[in-house]
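Within every chain, numbering begins at 1; the chains are lettered A, B, ... in the order of the sequence lines, protein sequences first and strands thereafter. Keep in mind that this is a model prediction, so the values were computed, not measured.
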Amino acid sequence: MDYLALYVTLKLAVVTTVVLMVIAAPVAYFMTYARFPGKSFLEALLYLPMALPPTVIGFYLIMLMGPKGWIGRVWETLTGGSLLFTFLGIVVASVVYSIPFAVQPMKAAFVKIDRRLLEAACVLGLSKTSTFFRVILPNSLAGIAASAVLVFLHSIGAFGVLLMVGGSIPGETKVASIAIYEAVEMMDYRTAGVIALCFIPISYVFLLAINKLNSGGRA
Amino acid sequence: MDYLALYVTLKLAVVTTVVLMVIAAPVAYFMTYARFPGKSFLEALLYLPMALPPTVIGFYLIMLMGPKGWIGRVWETLTGGSLLFTFLGIVVASVVYSIPFAVQPMKAAFVKIDRRLLEAACVLGLSKTSTFFRVILPNSLAGIAASAVLVFLHSIGAFGVLLMVGGSIPGETKVASIAIYEAVEMMDYRTAGVIALCFIPISYVFLLAINKLNSGGRA
Amino acid sequence: QDKLSVAVAANFINAFKEMAADFEEKTGVKVEATFSSTGNLYSQIKNGAPYDVFLSADTERPDILQKEGWTEGSFIYARGKVILWSADKNFCQAPSWQEALQNVKIKKIALANPVTAPYGTSSKEALIKTGLWDGLRDKTVIAQTIAQSFQYASTSAVDAGFVALSASVSPEGQKGCFYAVPQAPDVVQAACVAKNARNKVGADLFACYLLSGPALKIKQKYGYH
Amino acid sequence: MKIVATLARQLNFFDVDVALSCAPGKMLVMIGPSGGGKTTIIRMLAGLDTPNAGRIAFGDDLWFDSEKRVNLKPQARRLGYVFQDYNLFPHLNLFDNAAFAARDKADVQSLMALFKIDHLKKRKPHQVSGGERQRCAMCQALARHPRLLLLDEPFSALDVVTRRGLREELKSLKGKLACPVIYVTHDINEALFLADEILPVVEGKIDRGWMQRTISREPGEGAPTKGAREPRLALVY
Amino acid sequence: MKIVATLARQLNFFDVDVALSCAPGKMLVMIGPSGGGKTTIIRMLAGLDTPNAGRIAFGDDLWFDSEKRVNLKPQARRLGYVFQDYNLFPHLNLFDNAAFAARDKADVQSLMALFKIDHLKKRKPHQVSGGERQRCAMCQALARHPRLLLLDEPFSALDVVTRRGLREELKSLKGKLACPVIYVTHDINEALFLADEILPVVEGKIDRGWMQRTISREPGEGAPTKGAREPRLALVY
Ligand SMILES: Nc1ncnc2c1ncn2[C@@H]1O[C@H](COP(=O)(O)OP(=O)(O)OP(=O)(O)O)[C@@H](O)[C@H]1O
Ligand SMILES: Nc1ncnc2c1ncn2[C@@H]1O[C@H](COP(=O)(O)OP(=O)(O)OP(=O)(O)O)[C@@H](O)[C@H]1O
Ligand SMILES: [Mg+2]
Ligand SMILES: [Mg+2]
């Protein structure tokens, strides 16, 4: 079995989840409370990575992150290296790919915060930012947990996108889902099944951890 | 452009969303309030479709739904036909594929319902079922909207699974993402881009509708 | 006229679409195709997919299907060639593809997965024959399909890629330049007709058509022979 | 039917341990210091909290018995319960709230009129004042024709005039309802006016002397001697 | 600094239209029938609702002026506000709630002792009684050393003894705080005891006769004649 691929998968899923939680929270906050024309349109754009087949996202990401794309060029000027076919590259891809899953449940949680709590925070002198960190976040733990679960699992399953952007370099960008794909293509259904089964305990442990964190916040 | 494929995609997304909302709500309710040993384990299983690469899910679904799988056999005895390579078949696949996205945000919403409301319902004589319909659902609209958005968009983007289970029969199981896939395979990147762009207005309209419903429920 | 259902390996998609149109015009039999990876299509067939004809990207799977009794026999319908393609026309200045690859400016080259894609196996063989495989290890990027290898090359994500000759004739492919890779063995693609095809007559007719003169012309146009 | 209960439950700083009974058409008023356990007792009667030991009998029905392991669900007790924080359903307007578990919608109409909130029928709870919410909660509880009425400070957010009016109404309703009413209040006037029996609850126990001590301002626990500075108002309301 | 305000706002069934002022160290008590507009007035002073017309000046600072289009955010007004439904933050324990916007944690400690909830520091709001929550909200408001204190029925969930104690404390605090205090209550005794000025708010307007009518039980609007049946208790509390 391909342990290296499993390890890369886990590392990717953890990094993606952490990065996305940090990025998505302010985005969701903004999308919940800001009022401006074209908001639904922006929101639709934000959710687009989900509506597109992974290969298409992968294709556009390659274009952007390749040596001719602007992200690729900016990155090259900054670091001298290429973003494609590196671990960092697949992190970027996986983050883009999972944005909607992170934003949407958080937004749902933020919407449900009791207006009276926000008024109390306001009267107690809290700025928008402090209100976010001291009132909104701690009262949205269930929604944030939902986000984290979706993002984590979704990046484990991410495949089409990573396949494109990663180039399947062992130990660096070759994730377990690619190993499964290879096994299926080679008609080695047993190996595919075994690797797939590995995800049950992984998801299980992750869910337990999230549930613990979540109820810890409430108890 | 392949209008028929767009039409099938939309039909599939709408049917999947409706079916999943109906299925996921009781499942999420059960997962929120029931206490039993092995609950996290069951939950992990429920989220598995997300952690697996689409082709793998597709593979297992074919096995189950094919003439040798038990779902396929039951279906054949009941209707005399095959479930694979029919619209109904891809609906089943798309429902399985999106279950986690439907359940998780709903669960997050149900968890956040004020316990005092549930106590009030209890005292007022409501059974578990009535409480669910009369108190929990109407107070979870934001979470349900989040579910609906995720499921709808995710089933538009679904691809690997559908290709496997559906077999791309025009007007029946050939969805737009498969058309995109074919265009990409033919190195016709322009057509792929044009079909992909169609999803922006579709997502936009859908989001508007959901937002309307959602705020209608609250106003 | 009953329609004909054909499962086609994704690398053959361009040529197939044109052939299907031609066939329809000539015989009036409507052709409905499913394009996917050979592995995918094979799994579908094993699980009862109602395909009348299967155009594989290799010879292995039609053989297995024959053993399993799905078909009575297979035949070779196309041979593909591996080329080394680059979006950068300067790439082809060197006298041979080996030298072009060893240029220090070349940072990444793509090839299809040697384990799962026949074109990948063939490309790898050419690299091994010419003794370049070990030296280029760190520069190679593995694409899962031959089409993806071309995507890498055409978006300049890699400097050059081993792709199918068929890619070079597409509009996108004409924007770059390529070397033939004679060291790479031909990729042999076999097809087979289902024993219990729903439209057996049409399926046999299509099998004949695949080997006919007009079909050969189309195949050549798309880089097969 | 008469309700008879003995209840014991351990809390963090003291234990609740009381016995009480109330006949139909009668009103038992609980009064006592804040945090003394009144709400806890009501919640046990409602079945929302479970006593550690004790027994609740409603007529011939056994609602709770720690020894026989009987514990009837709140749903089956058919209660009217006005919570201390009068929690209405935020997604429903006042009428729908009041009619939530009503036997008969016509009742709701007249109850809302009785409690002077019929002009607010279409408002959501957050769009009305605290006292209006409280009156709506009262309608909700009465509209289902309860077998037992539990009122946890139902008029705390009301002004003196409205309150006086409503407690008159309640007193006359009490007879018509023909069910036991258990009422928590902090207002001694109200207690004296409404009660058939007064139950002073102090640190979870019944303390019959509490009323007397409070009224005569004996410098007992918690009754600050500074209170003497307060003008002796003899308001005749 | 003194607060001076004229406020007008249209509500569905009547308009609020009042003028009020309160000097530092003084207490203005609002009283009046339920739904009369008291909370609305407090919310306008806090900046949570915007008046349709009017002006709020705090000393030399202009907080609101409909003509000059000035509207200071609530954050900048530095208020202490105890909401009528004393909403504490459900994710924090009582100590963290009280200390939420405190200048100095040491204050919090002594405030909680003063309000007799220091033994409940580690409890979450849903784990304490209604009155305990209310006292915690009071600590929260006081701990931030507000420039203006707005108290919307802060003691409504307290028993008579605790309440009497706390209102003594409040009265002595008032001088120390040296800020204007605006206080809403339904308890006429409390109003008379605490107030430097009483502002009866009836249907959004100031109605100076309301107190008098209520106390002498003139059979005015809303004062039911049935009230006469009530025993004339002259409780000396
Ligand atoms: N959920 C809970 N968990 C633990 N302790 C609680 C809980 N609810 C209340 N308490 C404690 O139990 C005691 C009694 O509370 P209870 O709510 O019954 O008082 P009360 O008499 O209704 O007071 P009040 O008049 O202030 O409403 C208090 O000391 C309180 O802190
Ligand atoms: N958000 C709102 N939207 C519309 N009307 C409201 C809103 N909140 C309160 N009202 C109405 O405004 C009027 C005044 O309400 P307000 O809360 O100021 O009364 P109050 O004097 O504080 O009453 P109470 O003593 O019952 O708390 C009431 O008629 C009420 O129904
Ligand atoms: Mg209480
Ligand atoms: Mg009020």
Side-chain angles (χ1 to χ4, degrees), chain D residues 12-13 31-40 84-85 116-117 119-120 123 127-132 134-135 152-153 156-165 167-169 171-172 186-189 192-193 214-217 220-224 226-227 229-237, chain E residues 12-13 31-40 84-85 116-117 119-120 123 127-132 134-135 152-153 156-165 167-169 171-172 186-189 192-193 214-217 220-224 226-227 229-237:
Chain D
N12 284 43
F13 296 106
I31 196 164
S34 165
K38 303 177 292 298
T39 300
T40 307
Q84 185 166 10
D85 44 8
K116 299 198 179 61
I117 48 169
H119 58 299
L120 301 172
R123 300 273 192 98
Q127 294 171 322
V128 302
S129 83
E132 287 158 353
Q134 210 164 38
R135 283 176 274 167
D152 198 350
E153 306 190 35
S156 64
L158 297 180
D159 66 293
V160 99
V161 177
T162 313
R163 192 168 179 143
R164 189 162 46 186
R167 85 186 172 217
E168 296 280 346
E169 295 296 348
K171 198 165 182 170
S172 66
H186 284 132
D187 187 331
I188 297 186
N189 283 316
L192 290 172
F193 173 69
T214 305
I215 294 173
S216 60
R217 251 188 319 119
E221 263 187 76
K226 279 186 274 178
R229 273 197 271 129
E230 187 177 349
R232 296 198 167 213
L233 287 170
L235 292 181
V236 276
Y237 76 99
Chain E
N12 283 41
F13 296 107
I31 196 165
S34 166
K38 301 177 294 297
T39 299
T40 307
Q84 185 165 10
D85 44 9
K116 300 198 178 58
I117 47 168
H119 58 298
L120 301 171
R123 300 274 192 94
Q127 295 171 321
V128 302
S129 82
E132 289 158 351
Q134 210 165 38
R135 284 176 272 166
D152 199 350
E153 307 190 32
S156 64
L158 296 181
D159 65 292
V160 98
V161 177
T162 313
R163 192 170 180 143
R164 189 162 46 185
R167 87 187 169 214
E168 296 282 343
E169 295 298 348
K171 198 165 183 171
S172 67
H186 284 135
D187 185 331
I188 297 185
N189 284 316
L192 290 172
F193 173 69
T214 304
I215 294 173
S216 59
R217 251 189 318 121
E221 262 187 78
K226 278 186 274 175
R229 273 195 272 127
E230 188 176 349
R232 295 197 166 211
L233 287 172
L235 291 182
V236 274
Y237 75 98

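- Here the side chain of E:H186 pairs no donor or acceptor atom with the backbone of D:V160 at under 3.5 angstrom.
- Between D:R123 and E:N12, the closest heavy-atom pair is NH2-CB, 2.9 Å.
- Atom OG of residue E:S156 and atom CG of residue D:L158 lie 10.5 Å apart, to the nearest 0.5 angstrom.
- Smallest separation of non-hydrogen atoms from D:F13 and E:H119: CZ-O, 3.2 Å.
- Taking CG from E:D187 and CG from D:D159, the interatomic distance works out to 11.5 Å, rounded to the nearest 0.5 Å.
- Of the two parts of E:R163, neither the backbone nor the side chain holds a non-hydrogen atom closer than 4.5 Å to a non-hydrogen atom of chain D.
- Nearest heavy atoms, D:G131 versus E:S34: CA-OG, 3.4 Å.
- Closest heavy-atom contact between D:A157 and E:E153: CA-OE1, 3.9 Å.
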